[in-house]
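Sequence lines set the chain letters: A, B, ... in the order given, protein chains first and strands last, and positions in each chain run from 1.
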Amino acid sequence: MENLFFYIAAMLAIVSASSVILQRKVMYSVLSLIVTLLSVAWMYAMLSAPFLAVVQVILYAGAIMVLFLFVVMMLKYEKTETFRFRPGLLWCLGLVAAIAFLIEIVLPLNMTESLAPAATALAPGFGSIKSLGSILYTQYLLPIELTGILLLVAVVGVALLSGVKKE
Amino acid sequence: MYLDIIITLIKIAIVFGFVLNVAAILSWAERKQSAVMQDRIGANRADVLGFRIFGLFHPIADTIKMLTKEDWVPPAGDAFVHTMAPFLALFTALVVFAVIPFGDTLHIAGRDIPLQIADLNVGILFIVAFGGLGFYSVVLAGWSSENKYSLLGSLRAAAQLISYELALGLSIVGIVMVYGSIELDDIARAQGQYILGFIPYWGIIAQPLGFLLFFTAAVAETKRVPFDLPESESEIIGYFTEYSGMKFGAFWMGEFIEVVAVAGVVTALYFGGWQIPFVNNQGIFFPGLFTIPLPHVLIVLLQVAAFGLKVLFFCWFMLLVRWTLPRFRYDQLMAFGWKFMVPLALLNILVTGLFMYVF
């Protein structure tokens, strides 16, 4: 049962991810990307990381994709369909990236030992918000506080850029 | 195994049956209530074989009308996205009910049946996440219509939804701090406590400011008066201008489902969920004085009924608000959201934290 759901989610993620680059219309690429993010969130939820799954939906599918959508909405449709930047150059770069990626995928298959850690029983409450929070605010206190300050600076910057009018 | 699936399906049928029926009746109640408030007679014309029952056939008549209307897609627009947008609106409004608990755990024939469709341990965040995805139906509807007015309407809607989502999320933090959990059934159960022995420890008593902020932001998320700028059905015209037939009906229905959803979430978070004051899992009781025992199934049924009544009360209250207040101007809307609601929500978190530190 769980395997079946995993394969559905994985298939959905792969199909929608390839649809992102294969679609001719920019809007469809954006919508495919949203589906990809949601199906990855689905996998997080099945890997006993429900908080990560929900944050994925709130932040990536719910907030970051909104920006993408706004940009696409404001562009003129016909131009986005036909515009191509240096097709020859993009082909070469794409080919290099594809070969590198293929090697990355094939190499681990030939290894004798598996890269995945051996299956161990999870501690009770693993992946719950309480356990995540207690790790973040004890073991990783400094990074999380620094991230908080960074975000605060960004917020202040946005308020400054958008709020103050030059008379 | 199969029994579990059947029980879950029955729970889904009960919840969605309740929600969809209440949403349909609300479409009539909105007109009738506005009529009563404005000293008119209101929608009472639809009849079946001469029977009118106050006009309760109007939802059925409306549905038949919309299903038989021409379904028109703008030829310059995007047919696929145009069709998908109303379904998204319905989906995001309905999926919220999956985590709202509507009763205490039912012990029957040796089984424990939690009266909640999915007991996720991310609870409230699930509601925030999928409620937030409702944004896409609005934006895609405006964009796919290939109409400048629709696009402007969807931009207004997007700005409003994003702005008030912030206040909504921040006001929930207070309730999470007070009850120490983000699971909705834990929160509902924690609201069965009493302060000073006789005042029910409901969210509205623990978080009065949080309740006002949450309710205001939630009404703004449903895009209804006084926050109905995205629609402005009387003059400006919003994101669903280019919709007709049942697709328009789906947006309409989605709005009423959102009303029921907001009522459900407000009840679960701030009005004790399924708790009835002075009724616990033994029976009617008064703390420290007496207890009148009641059978378990009866108590659970009473609690489910209490939850339904609270939801209906909030639906009624939201209709009342809709026909009482005028609409915000756009700049007032934005200033209210960012300069009033968000700072107050932050203050609420601060004061809640101080209280919890002191006591």
Side-chain angles (χ1 to χ4, degrees), chain A residues 1 23-35 37-38 41-42 44-46 48-78 80-81 124-133 152 155 158-159 162-163, chain B residues 1 4-5 76-78 80-82 84-85 88 92 95 99 118-146 148 150-152 154-155 158-159 161-162 165-166 168-169 176 180-183 186 239 334-335 338-339 342:
Chain A
M1 193 74 164
Q23 288 291 348
R24 288 278 153 152
K25 291 179 182 168
V26 183
M27 181 55 100
Y28 283 21
S29 290
V30 171
L31 293 179
S32 310
L33 191 52
I34 295 170
V35 176
L37 294 169
L38 288 179
W42 180 0
Y44 287 149
M46 288 174 54
S48 37
F51 181 69
L52 203 57
V54 168
V55 167
Q56 167 100 351
V57 175
I58 295 176
L59 286 187
Y60 284 89
I64 292 178
M65 292 314 293
V66 169
L67 270 182
F68 281 64
L69 206 63
F70 268 126
V71 173
V72 172
M73 270 170 73
M74 297 302 147
L75 292 177
K76 192 83 183 106
Y77 202 67
E78 292 86 356
T80 56
E81 264 179 289
F126 176 84
S128 71
I129 291 172
K130 198 169 262 176
S131 63
L132 197 71
L152 185 67
V155 169
V158 168
S162 60
Chain B
M1 176 73 189
D4 284 340
I5 293 175
D78 191 313
F80 174 69
V81 179
H82 190 268
M84 193 179 65
L88 263 179
T92 52
V95 80
V99 292
D119 185 11
L120 302 178
N121 54 10
V122 285
I124 300 177
L125 289 179
F126 180 85
I127 293 177
V128 176
F130 280 91
L133 289 186
F135 165 89
Y136 286 113
S137 72
V138 171
V139 170
L140 292 178
W143 174 81
S144 65
S145 299
E146 197 65 27
K148 296 288 180 287
S150 297
L151 191 65
L152 285 174
S154 68
L155 283 182
L161 291 186
I162 292 174
E165 215 165 81
L166 200 62
L168 191 81
V176 173
S181 173
I182 68 167
E183 287 173 50
D186 283 356
Y239 56 91
M334 283 297 137
W338 286 100
K339 296 181 183 165
V342 173

Is [X] in contact with chain A via its backbone, its side chain, both, or neither, using a 4.5 Å heavy-atom distance?
X	result
B/Leu120	neither
B/Ser154	side chain
B/Leu133	side chain

*For residues B/Val122 and A/Ile129, report the shortest heavy-atom separation together with the two atoms involved.*
CG1-CD1, 4.4 Å
*Do you know the tightest heavy-atom contact between B/Ala158 and A/Phe70?*
CB-CZ, 3.5 Å
*Taking atom CE of A/Met65 and atom CZ of B/Phe135, what is their separation to the nearest 0.5 Å?*
11.0 Å
*Quick one: CG on A/Leu69 to CH2 on B/Trp143, what's the gap to the nearest 0.5 Å?*
8.5 Å
*Only counting residues at least two apart or in another chain, list the ones meeting ring-ring contact (aromatic ring centres under 6.0 Å, His included) with B/Phe130.*
B/Phe126
*Could you look at A/Leu38 and say if it's the side chain, the backbone, both or neither that has a heavy atom under 4.5 Å from chain B?*
side chain
_Between A/Val55 and chain B, with a heavy-atom cut-off of 4.5 Å, which part of the residue counts as in contact: side chain, backbone, both or neither?_
neither
*Should A/Met73 and B/Val139 count as side-chain neighbours, where that means a heavy-atom distance under 4.5 Å?*
yes
*So do the side chains of A/Phe51 and B/Asn121 get within less than 4.5 Å of each other, counting heavy atoms only?*
no
*Can you sort out the partners of B/Ala159 under side chain to side chain contact (heavy atoms under 4.5 Å, CB included), two or more places apart, ordered by chain and number?*
B/Tyr330, B/Met334
*Without swapping roles, check the side chain of B/Tyr136 against the backbone of A/Leu31 for a donor-acceptor pair under 3.5 Å.*
no
